[in-house]
Participant: 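Okay, here's the structure, questions in a sec.
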Amino acid sequence: MNRRTVLAMAVGAALLIPGCTGTGGSSKGADAKAPDDPSKVSGTIKVLTVRTDLVQDGTMKKYAAEFNKTYPKVKVEFEALTNYEAEVKIRMNTENYGDVLLIPAVIKKADYPKFFASLGTEAERSKKYRFTDYTTVDGKVYGQSPIGVAPGFLYNKRIWKEAGVTAWPTTPAEFLQDLKAIKARTDAIPYYTNFAAGWTLTSWTSVDGAVHCDPQATTKLAEGDPWAEGADLRVGDTLLHDIVKAGLVEKDPTTSNWEQSKPRTAKGEIATQWLGTWAIVQFQDAARKAGVNPDDIGFMPFPSQTDGKFCATVAPDYNQAVNVHSKYKEAARAWIDWFTDKSTYGKDNLAISPLKNASMPEVLKPYEEQGVKLIEVDDSKGARVKQVDSDSEVGIYAPEYRQNLVDLARGARKGSLDGFLADLSKRWTDAQKNLGS
């Protein structure tokens, strides 16, 4: 998995797909009902995924074999796409975009009924599942994520300890001091931007809500200025800028390498990266392959506390949906339900379950021990945020905005931080005014 929570946070980004007519938007056949009798469900379904690794190593095939124990007449075929967003965007100009797919970030939330079959009402599904509001349109739910993710700093505990840091920093200023200690006392790169990958920088948007422990953070993005003094995104962007400006990152961010950053972090060549819980298992695997201790991989929340407690947001990863044009909606719905409720995918990826009655994964035990408060951000204004983001051309879910910020901090771009953030504020608030209430 080469990305993660990042595009999950961008679910429903407000952009139009050129030429997409969404002919499946009629009420006829727009629901994918849960099967009553598994033995009668049949058909061959194609499941699109970003998990090229799991298709290549046979893991997805093993999941399908387990699924077939309950649904013996359904054949599941997988297609893994490396450049998922770009490829699926093109396919969605037709009716042929798989039977089950991950909802692309490019789709406007209001357009979900044109492309995806309803899984049921939010009133009903929200009793059992988390994150239903992320894909709800007019009271109906159009997607379900099999896992939840929380953002945080993935770090090498051994390196931090060698630098003399044993407690999580509680403020951005403390975090900066800790990185400086790592630079002074170890040979590790204190912080790795993963600038070249691009999507890795977009994960900084997920500081929103965590800084001030605010479940209404998305509403504030929709109605307020994200870069006002003290606002969550301003706090996060300022920290990223200051880390880079202080020379605490890789020598040339433009030549950074995402895949290589995993074993390098595991071995202690890199100390810290801002990612998400989804990355922990990948970095632990990299440690095992490199012959180093996977327990050195740690995870810490953003350095900010509210009422003496750290906070972390919990959000869905990519949401699975049923193609509204699928000939086998019942079989496709069966796969989504089984993959969410019964498969070991969540446990295998040390992820947060979307099932409300499930316990937290072992990797979040340090969070529980430290009393980190996990909050789910209300996404009822999510569609408006994506529309404002699109109209303003800021791109809080796209890499360019923070690549520009990093370039500014390292002297490859002219200007000041205040000027850079003031420009974002103006474009954002102007778009809000133009959009109206």
Participant: So which of Tyr401, Trp274, Trp199 actually passes ring pair (Phe, Tyr, Trp, His ring centres under 6.0 Å) with Trp204?
Facilitator: Trp274
Participant: Please report the shortest heavy-atom distance between Pro303 and Pro172, naming the atom on each side.
Facilitator: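 Shortest heavy-atom separation between Pro303 and Pro172 comes out as O-CD, 3.1 Å.
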Participant: Is it true that atom CD of Glu368 has more than 12 heavy atoms of other residues, nucleotides or ligands lying nearer than 6.0 Å?
Facilitator: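 Enclosed.
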Participant: Using atom types as modelled and distance alone, determine if a side-chain donor or acceptor of Gln387 lies under 3.5 Å from a backbone N or O of Gln432.
Facilitator: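 No, because the side chain of Gln387 does not come within donor-acceptor range (under 3.5 Å) of the backbone of Gln432.
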Participant: Quick check: do Met360 and Leu374 have side-chain heavy atoms less than 4.5 Å from each other?
Facilitator: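 Met360 reaches Leu374 side chain to side chain.
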Participant: Answer yes or no: are there more than 12 heavy-atom neighbours, outside Lys251 itself, under 6.0 Å from its atom NZ?
Facilitator: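 Counting neighbours around NZ of Lys251, 12 or fewer heavy atoms of other residues, nucleotides or ligands fall under 6.0 Å, so no.
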Participant: Once rounded to the nearest 0.5 Å, what's the spacing between atom CG of Asp208 and atom CG of Leu221?
Facilitator: 4.0 Å
Participant: Atom CG of Asp138 and atom OG1 of Thr121: how far apart are they, to the nearest 0.5 Å?
Facilitator: 13.0 Å
Participant: What's the separation between atom OH in Tyr112 and atom OG1 in Thr135, rounded to the nearest 0.5 Å?
Facilitator: 7.0 Å
Participant: Applying salt bridge (Lys or Arg N to Asp or Glu O under 4.0 Å), run through Arg234 and Asp418 and close with a yes or a no.
Facilitator: CA-CA 10 Å; Arg234 186 183 185 97; Asp418 285 343; 3.2 Å; yes
Participant: If only atom types and distance count, is the side chain of Thr277 paired as donor or acceptor with the main-chain N or O of Ala150 below 3.5 Å?
Facilitator: yes
Participant: Using the ring of each side chain (for Trp, its six-membered ring), is Trp227 parallel, tilted or perpendicular to Trp428, with breaks at 30° and 60°?
Facilitator: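 Geometry flag for Trp428 against Trp227: perpendicular rings.
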Participant: Assess the residue pair Lys69 and Glu66 against the criterion (salt bridge (Lys or Arg N to Asp or Glu O under 4.0 Å)); give the C-alpha distance rounded to whole Å, side-chain angles, the decisive distance to 0.1 Å, and a yes or no.
Facilitator: CA-CA 5 Å; Lys69 291 178 181 178; Glu66 286 299 313; 2.9 Å; yes
Participant: On a heavy-atom basis, which atom in Glu250 and which in Tyr192 lie closest, and how many Å separate them?
Facilitator: OE1-CA, 3.4 Å
Participant: Examine distances only and state if a side-chain atom of Tyr84 and a backbone atom of Leu102 form a donor-acceptor pair shorter than 3.5 Å.
Facilitator: yes
Participant: Evaluate the side chain to side chain contact (heavy atoms under 4.5 Å, CB included) criterion for residues Lys342 and Thr70: first the C-alpha distance (whole Å), next the side-chain angles of each, then the deciding distance (0.1 Å), finally the verdict.
Facilitator: CA-CA 10 Å; Lys342 303 294 184 183; Thr70 304; over 6 Å; no
Participant: Measuring only between side-chain heavy atoms, which start at C-beta, is Leu154 closer than 4.5 Å to Thr265?
Facilitator: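 Yes. Closest side-chain heavy atoms under 4.5 Å.
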Participant: Which pair of non-hydrogen atoms, one from Ser353 and one from Arg130, has the smallest distance, and what is that distance?
Facilitator: O-NH1, 2.5 Å
Participant: Let me confirm one number: the CG-NZ distance from Asp307 to Lys373, rounded to the nearest 0.5 Å.
Facilitator: 8.0 Å
Participant: Given 3.5 Å as the limit, does a donor-acceptor pair link the side chain of Thr344 with the main chain of Lys347, or not?
Facilitator: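 Answer holds: no.
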Participant: Do NZ/NE/NH1/NH2 and the carboxylate oxygens of Lys289 and Asp285 come within less than 4.0 Å?
Facilitator: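 No salt bridge links Lys289 with Asp285.
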Participant: Backbone N or O of Gly247 within a donor-acceptor pair of the Lys183 side chain at under 3.5 Å?
Facilitator: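 Yes.
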Participant: Are the side chain of Asp99 and the backbone of Lys46 linked by a donor-acceptor contact shorter than 3.5 Å?
Facilitator: yes
Participant: Please tell me whether Arg51 and Asn349 have a donor and an acceptor in their side chains that are separated by less than 3.5 angstrom.
Facilitator: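 Yes - a donor-acceptor pair under 3.5 Å links their side chains.
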Participant: Roughly how far, to the nearest 0.5 Å, is the CZ atom of Phe420 from the CG atom of Leu408?
Facilitator: 6.5 Å
Participant: Pairing donors with acceptors under 3.5 angstrom, does anything connect the side chains of Asp225 and Thr429?
Facilitator: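 Checked: Asp225/Thr429 side chains show no N/O donor-acceptor pair below 3.5 Å.
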Participant: Do Phe115 and Tyr142 make the cut of ring centroids closer than 6.0 angstrom?
Facilitator: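 No - the distance between ring centres of Phe115 and Tyr142 does not fall below the 6.0 Å cut-off.
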Participant: Quick one, Glu174 with Gln177, criterion side chain to side chain contact (heavy atoms under 4.5 Å, CB included). Give me CA distance, side-chain angles, the key distance, then yes/no.
Facilitator: CA-CA 5 Å; Glu174 282 183 23; Gln177 287 304 119; 5.6 Å; no
Participant: Can you name the closest pair of heavy atoms from Gln273 and Ser261 and give their distance?
Facilitator: NE2-OG, 3.3 Å
Participant: Is it true that Glu162 and Arg158 make a salt bridge, defined as a side-chain N closer than 4.0 Å to a carboxylate O?
Facilitator: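 Salt bridge present between Glu162 and Arg158.
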Participant: Could you tell me whether a side-chain N or O of Thr340 sits under 3.5 Å from a main-chain N or O of Asp337, the two making a donor and an acceptor?
Facilitator: no
Participant: Look only at the side chain of Asp389 and the backbone of Ile396, and say whether a donor-acceptor pair between them is shorter than 3.5 Å.
Facilitator: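 The answer is yes, because a donor-acceptor pair under 3.5 Å joins these two groups.
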Participant: Is it true that, when you exclude Asp187 itself, more than 12 heavy atoms of the residues, nucleotides or ligands shown sit nearer than 6.0 Å to its CG?
Facilitator: no
Participant: Have Trp168 and Tyr155 got a donor and an acceptor in their side chains that come within less than 3.5 Å?
Facilitator: yes
Participant: Can you tell me how far the CZ atom of Phe153 sits from the CG atom of Leu179, to the nearest 0.5 Å?
Facilitator: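 Phe153 CZ to Leu179 CG: 7.5 Å, rounded to 0.5 Å.
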Participant: Is Asp232 salt-bridged to Lys220, cutoff N-O under 4.0 Å?
Facilitator: no
Participant: Between Asp111 and Ile107, is there a donor-acceptor pair closer than 3.5 Å when you use the side chain of the first and the backbone of the second?
Facilitator: no
Participant: Looking at every non-hydrogen atom in both residues, tell me the closest pair between Glu85 and Pro104 and how far apart they are.
Facilitator: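 Where Glu85 meets Pro104 most closely, the heavy atoms are OE2-CA, 3.5 Å.
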Participant: Quick test of your reading of the model: are Lys109 and Asp379 salt-bridged, counting only N-O distances below 4.0 Å?
Facilitator: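 Result for this pair is yes, salt bridge flagged.
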Participant: Identify which one of Phe78, Tyr63, Tyr345 satisfies the ring pair (Phe, Tyr, Trp, His ring centres under 6.0 Å) criterion when paired with Trp335.
Facilitator: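 Only one of Phe78, Tyr63, Tyr345 forms a ring pair (Phe, Tyr, Trp, His ring centres under 6.0 Å) with Trp335, namely Phe78.
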Participant: Under the 3.5 angstrom rule, does the side chain of Lys157 hit a backbone N or O of Asp295 as a donor-acceptor pair?
Facilitator: yes
Participant: Given Arg402, which partner from the list Thr200, Thr205, Thr193 fulfils the side-chain contact (heavy atoms from CB on, under 4.5 Å) test?
Facilitator: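 It is Thr205; the other options fail the test.
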Participant: Using every non-hydrogen atom in the two residues, find where Leu233 and Pro226 come nearest and quote the distance to one decimal.
Facilitator: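 Reported closest heavy-atom pair: CB-O, 3.5 Å.
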